Enquirer: 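Dumping the structure here so I can ask a few things about it.
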2 protein chains.
Amino acid sequence: MTTLTGVTDSATAKGEQTRELILSTALRLFREQGYGKTTMRAIATEAGVSVGNAYYYFGSKEHLMQAYYDHLQAQHQEVVDTILAEEKVFTRRLGGVLHSWLEVARPYHEFAGTFFKTAAEPTSPLSPFSEQSKPAREASVAVFRQVVDGSDLKLPAELKAELPELLWLMQMGIVLFWVHDDSQDLRRTRALIDRSVPLVDRLLRLTRIPGVRGVVNDIVGLVRSVKP
Amino acid sequence: MTTLTGVTDSATAKGEQTRELILSTALRLFREQGYGKTTMRAIATEAGVSVGNAYYYFGSKEHLMQAYYDHLQAQHQEVVDTILAEEKVFTRRLGGVLHSWLEVARPYHEFAGTFFKTAAEPTSPLSPFSEQSKPAREASVAVFRQVVDGSDLKLPAELKAELPELLWLMQMGIVLFWVHDDSQDLRRTRALIDRSVPLVDRLLRLTRIPGVRGVVNDIVGLVRSVKP
DNA sequence: CCTCAATTTTGAACATGTTCAAGTAGGGGC
DNA sequence: GCCCCTACTTGAACATGTTCAAAATTGAGG
């Protein structure tokens, strides 16, 4: 563990280690028995620390969840980099990114509902719209900017600038669907992606039709006005 | 309180009364101090019953919330009936329905987040997608079927049949926005509605353009395949 | 090695949603 | 009038997230 400030390095090293221990224990228990059935006491015991100590590093049980989400996103980013390096066709890039998210998140599908539950609360720092999760959100949007920018897609600049945010919203919708999807092997979510992606592609091509252009501009304007 | 079965009438009358008492007390406290700060003990005490008794009528604190939601929806339905009786223009019907929902739900805006929190959980019976809330959901979709059917809108039958469900989804989106909206007097949500409604109208008119027709059919097909 | 302040750790105490075994009330059948 | 059954009511006990004052540890400076 190397940091920029050599002074605090060793000072934080111990704490950092404990933090990691608690976090990994929590994630394991979440996966093994679900979020609801995992108690803070169990996490602490299993990690060999006191309950209070867990709260020293994580303000709440939800914060442990947040940490998991960061972890998941980092993993996804890695996979995405590999995919996007090799593929230039827009639909395949988008489909690849969405499907790979499913892959990465699969082990957590069972208790993902709980994550969404907390995420939906506007006052929660975990809300994807909150100020605190802005970095995570922007990283997520950035993935879709990668998708768009490196692709063969030809679009008016205005739309192209707004598109990543729209695709992010699309993914939010897919995740919402995924959370509720209890079909075998997530077949339904996969089908949703496979049907949505070409649809998005066709929608984007429609913007060339003159009558459509105006509506698209309105949509872009609406999204833009709604953002801050 | 008159019921169809005279025999059980007086038998249930007492319980029904207690139930109402607990419910109204809970809603009042929710409004006065928010959902989170209202304890089951406080509800019970204020209603003059024991904690256990509250649980006899409502399986959980969330069920009290569910009851509130039903209440809100019934209120909205009333207002909607008035509006739709007088207005035939599609955009005004849709706008009226959406704005009146804001009006009805206003007193609960502060703690609505908590409702959404529980609603987002897929395993929760309160989830708008759950089997248990099917009646409530269908009632909600029915409102939008009213909006469409009684309007001056001219559409292909296929789209017209699917439209209420799509408008319901649109409202879900608006409610999600509303939950996170802390602007003065809900200005931002109002603006969202005022910009979205004409946009929807224009989108629907676009379906007359031949090149657009195919995409619309695909969208309808996607929505249909995703529903069950 | 000693001191001291900051960091880390502890576990008991607290708040609150929920459960449950036990009690009460009332009415129908005899 | 008594019994019994169902519906209802109770409050103490429980489970679990969270807090906090106090104790332990650490590392830098002397």
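Residue numbering restarts at 1 for every chain, and letters A, B, ... go by the order of the sequence lines. If you're wondering where the values come from, they're calculated on a predicted model, not measured in any experiment.
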Enquirer: Heavy atom of residues 23-33 of chain B under 4.0 Å from DNA chain D: which residues?
Expert: none
Enquirer: For B/Lys61 and C/dA15, give me the distance from atom NZ to atom P, rounded to whole Å.
Expert: 15 Å
Enquirer: Does C/dT8 have OP1 or OP2 under 4.0 Å away from a side-chain N or O of A/Thr18?
Expert: no
Enquirer: In chain order, what residues pass the side-chain hydrogen bond (donor to acceptor under 3.5 Å, both in side chains) check against A/Arg106, with sequence neighbours excluded?
Expert: A/Glu103
Enquirer: Before you tell me yes or no, could you show the steps for A/Arg92 and A/Glu87 under salt bridge (charged side-chain N to carboxylate O under 4.0 Å, His left out), namely the whole-Å CA-CA distance, both residues' side-chain angles and the distance that decides it to 0.1 Å?
Expert: CA-CA 7 Å; A/Arg92 296 215 195 107; A/Glu87 187 58 69; 3.4 Å; yes
Enquirer: Could you state the CE-P distance from B/Met65 to C/dT18, rounded to the nearest angstrom?
Expert: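 Rounding to the nearest Å, CE of B/Met65 and P of C/dT18 are 12 Å apart.
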Enquirer: Looking only at atom types and distance, does a side-chain atom of B/Lys61 sit under 3.5 Å from a main-chain N or O of B/Thr39, one as donor and one as acceptor?
Expert: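 Between the backbone of B/Thr39 and the side chain of B/Lys61 there is no qualifying donor-acceptor contact (under 3.5 Å).
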Enquirer: Check nucleotides 19-25 of chain C for protein N or O atoms closer than 3.5 Å to its own N or O atoms and list the pairs.
Expert:
none

Enquirer: Please identify each residue that fulfils side-chain hydrogen bond (donor to acceptor under 3.5 Å, both in side chains) with A/Asp81, with sequence neighbours left out.
Expert: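 Applying side-chain hydrogen bond (donor to acceptor under 3.5 Å, both in side chains) to A/Asp81 gives A/Gln77, A/Gln146.
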Enquirer: Can you check the B/Phe58 CZ to C/dT16 C1' distance for me, whole Å?
Expert: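 About 19 Å, once rounded to whole Å.
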Enquirer: D/dC8 P sits how many Å from B/Glu16 CD, rounded?
Expert: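 For the pair B/Glu16 CD and D/dC8 P, the rounded distance is 9 Å.
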Enquirer: Check the distance between C/dG17's C1' and B/Tyr57's OH and give it to me in whole angstrom.
Expert: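 Rounded to whole Å, this separation is 20 Å.
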Enquirer: Give every donor-acceptor pair under 3.5 Å between a side-chain atom in residues 26-35 of chain A and any protein atom, sequence neighbours left out.
Expert:
| residue | atom | partner | partner atom | Å |
| --- | --- | --- | --- | --- |
| A/Arg28 | NH1 | A/Glu32 | OE2 | 3.4 |
| A/Arg28 | NH2 | A/Glu46 | OE2 | 3.3 |

Enquirer: For the side chain of B/Ser50, counting heavy atoms from C-beta on, which of D/dT9, C/dC14, C/dT9 is nearest?
Expert: D/dT9
Enquirer: Kindly list each side-chain donor-acceptor pair under 3.5 angstrom involving residues 163-175 of chain A, sequence neighbours excluded, with atom names and distances?
Expert:
| residue | atom | partner | partner atom | Å |
| --- | --- | --- | --- | --- |
| A/Glu165 | OE1 | A/Lys227 | NZ | 3.2 |

Enquirer: Take the protein atom CG of A/Leu64 and the nucleotide atom C1' of D/dG17, then report the distance between them rounded to whole Å.
Expert: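 Whole-Å distance recorded here is 12 Å.
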Enquirer: Output the rounded distance in Å from CG (B/Leu21) to P (D/dC8).
Expert: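 Spelled out: CG on B/Leu21 to P on D/dC8 is 15 Å.
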Enquirer: Looking at residues at least two apart in the chain, or sitting in another chain, which of them share a ring pair (Phe, Tyr, Trp, His ring centres under 6.0 Å) with B/Tyr108?
Expert: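 In terms of ring pair (Phe, Tyr, Trp, His ring centres under 6.0 Å), with neighbours along the sequence ignored, B/Tyr108 is linked to B/Tyr68, B/Phe111.
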Enquirer: Checking B/Arg190 now: which residues fulfil side-chain hydrogen bond (donor to acceptor under 3.5 Å, both in side chains) with it, not counting sequence neighbours?
Expert: none
Enquirer: Does B/Tyr56 have a side-chain nitrogen or oxygen under 4.0 Å from the phosphate oxygens OP1 or OP2 of D/dT9?
Expert: no
Enquirer: Measure CD1/B/Ile22 against C1'/D/dT10 and give the value in whole Å, please.
Expert: 12 Å
Enquirer: With sequence neighbours excluded, tell me which residues meet side chain to side chain contact (heavy atoms under 4.5 Å, CB included) with A/Leu21.
Expert: A/Thr25, A/Ala47
